[in-house]
Amino acid sequence: MYNTKRMPEYPLNQSFYNRQVIEVAYDLIGKRLVRQMNGFQISGLICETEAYDGMSDLACHARVGKTNRTAVMFGPPGFAYVYFTYGMHWCFNVVTGEEGYAAAVLIRAIIPDTGLEFIANNRQGIDKQHWVDGPAKLTKALMIDKSQNGVNLSNSKSGLWIEEGAHIDKSRIIHGPRIGIDRTPEPWRSKPWRFWVETI
DNA sequence: CGCCCGATGTGCT
DNA sequence: GCACATCGGGCGT
């Protein structure tokens, strides 16, 4: 069931993010994504991620080099890369690896944890089952948009961070090809860099 | 459940 | 000019 009270937690520090993007994507499964603003909190346990690994990865936005849009990905690890797509959707990523190497983990799905009344309000007319089961759904539920692009995820004052969450048995974490990159050439298209929990 | 399709606007060629 | 790391509604199975 959902938690309504919990012990104080702290944002994962920058060293967590300063590693290979695929390791970070795997280790983010089970962590808690927290959005805090003006005295209320919305959070969820991360249950699906994807790794995008630098300019050589032809599915990664950084493949065309550093642009205004992708600048944050070229910066230091532990910062939010939030991009706009399909004319109406925001997607949230965490920058990984050392500064200058453009890699990030897309957070694709979470399990609602706290602030359910706010999620319900932000996702009106949608079945609970589909509140946060997609990358642009969870940003809507957690009120993440352009104003969070570039914020420091290791500083709770950003109002957006990731902290320790639930222990997930490693045997339950499975992986496969990334979603929505059908036009990306091989071998990138088939790289098994999407991670998710088998049974939710 | 699955497939199909329109919405909608920004960034890069 | 067009692709796009998507979503939700509609309708068929």
Side-chain angles (χ1 to χ4, degrees), chain A residues 17 20-29 31 33 42 44 46-75 77 79-97 101-112 119-151 153 160 162 174-200:
Chain A
Y17 302 103
Q20 290 268 358
V21 66
I22 293 161
E23 284 181 40
V24 177
Y26 181 78
D27 289 343
L28 279 171
I29 299 295
K31 299 287 191 281
L33 174 62
I42 309 172
I46 296 170
C47 59
E48 184 180 352
T49 62
E50 280 177 359
Y52 289 88
D53 190 17
M55 295 178 65
S56 62
D57 174 6
L58 296 185
C60 182
H61 288 168
R63 64 186 176 275
V64 296
K66 187 175 179 178
T67 64
N68 284 338
R69 185 199 201 196
T70 63
V72 176
M73 246 201 295
F74 286 81
F79 285 73
Y81 166 48
V82 181
Y83 69 87
F84 185 67
T85 192
Y86 291 104
M88 62 187 97
H89 301 302
W90 297 99
C91 293
F92 167 70
N93 303 250
V94 302
V95 176
T96 71
Y101 190 84
V105 177
L106 172 68
I107 308 302
R108 287 195 59 89
I110 61 177
I111 298 166
I119 297 179
N121 186 59
N122 294 334
R123 300 285 292 138
Q124 287 184 40
I126 306 295
D127 281 356
K128 188 182 265 192
Q129 195 104 8
H130 298 295
W131 274 350
V132 288
D133 62 345
K137 300 182 187 183
L138 69 91
T139 58
K140 185 135 192 274
L142 270 58
M143 294 180 278
I144 296 169
D145 62 20
K146 189 177 187 65
S147 57
Q148 278 69 53
N149 189 39
V151 305
L153 297 170
L160 179 63
I162 298 170
I174 50 184
H175 57 95
R178 295 170 290 182
I179 300 290
I181 57 167
D182 293 346
R183 268 181 49 86
T184 299
E186 296 291 1
W188 310 107
R189 179 178 167 178
S190 297
K191 293 282 186 188
W193 291 348
R194 170 179 171 235
F195 301 90
W196 70 100
V197 181
E198 188 169 23
T199 316
I200 304 175

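In secondary-structure terms, DNA chain C builds stems of at least 3 consecutive Watson-Crick or G-U pairs, each pair having both distances under 3.5 Å, at B:1-7 with C:6-12, B:9-12 with C:1-4.
Proximity of A/N93 to A/V105: side-chain heavy atoms (C-beta onward) are nowhere separated by under 4.5 Å. You'll find the side chain of A/W90 stays beyond 4.5 Å of the side chain of A/I144, heavy atoms only.
Looking at which nucleotide of DNA chain C each of A/L106 and A/K137 is closest to, the 5′-most match is held by A/L106.
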What verdict does the side-chain contact (heavy atoms from CB on, under 4.5 Å) test give for A/Y17 and A/L153, after you've listed the backbone C-alpha separation in whole Å, the side-chain angles of each residue and the deciding distance to 0.1 Å? CA-CA 10 Å; A/Y17 302 103; A/L153 297 170; 4.3 Å; yes

Hey, mind stepping through A/N149 and A/Y83 against side chain to side chain donor-acceptor pair (under 3.5 Å) and telling me if it holds? CA-CA 8 Å; A/N149 189 39; A/Y83 69 87; over 6 Å; no

Hey, mind stepping through A/I126 and A/W131 against side-chain contact (heavy atoms from CB on, under 4.5 Å) and telling me if it holds? CA-CA 6 Å; A/I126 306 295; A/W131 274 350; 4.3 Å; yes

Can you check side-chain contact (heavy atoms from CB on, under 4.5 Å) on A/I22 and A/W193, steps first, answer last? CA-CA 7 Å; A/I22 293 161; A/W193 291 348; 3.2 Å; yes

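Heavy atoms of other residues, nucleotides or ligands lying less than 6.0 angstrom from CD of A/E23 number more than 12. Atom CD of A/Q129 has 12 or fewer neighbouring heavy atoms from other residues, nucleotides or ligands inside a 6.0 Å radius. More than 12 non-hydrogen atoms from other residues, nucleotides or ligands lie less than 6.0 angstrom from NE2 of A/H89.
No contact: A/R194 has no heavy atom under 4.0 Å from any strand. Note on A/A59: a base of the nucleic acid sits closer than 4.0 angstrom, heavy atoms only.
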Under 4.0 Å protein heavy-atom contacts per nucleotide of nucleotides 6-13 of chain B, with B for base, S for backbone only and - for none: -BBBSSSS

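In this structure, A/R108 contributes its side chain and A/F195 its backbone to no donor-acceptor pair below 3.5 Å.
Boundaries of the chain A contact region on DNA chain C are C/dA3 to C/dG8, first to last in 5' to 3' order (nucleotide atom under 4.0 Å from a heavy atom).
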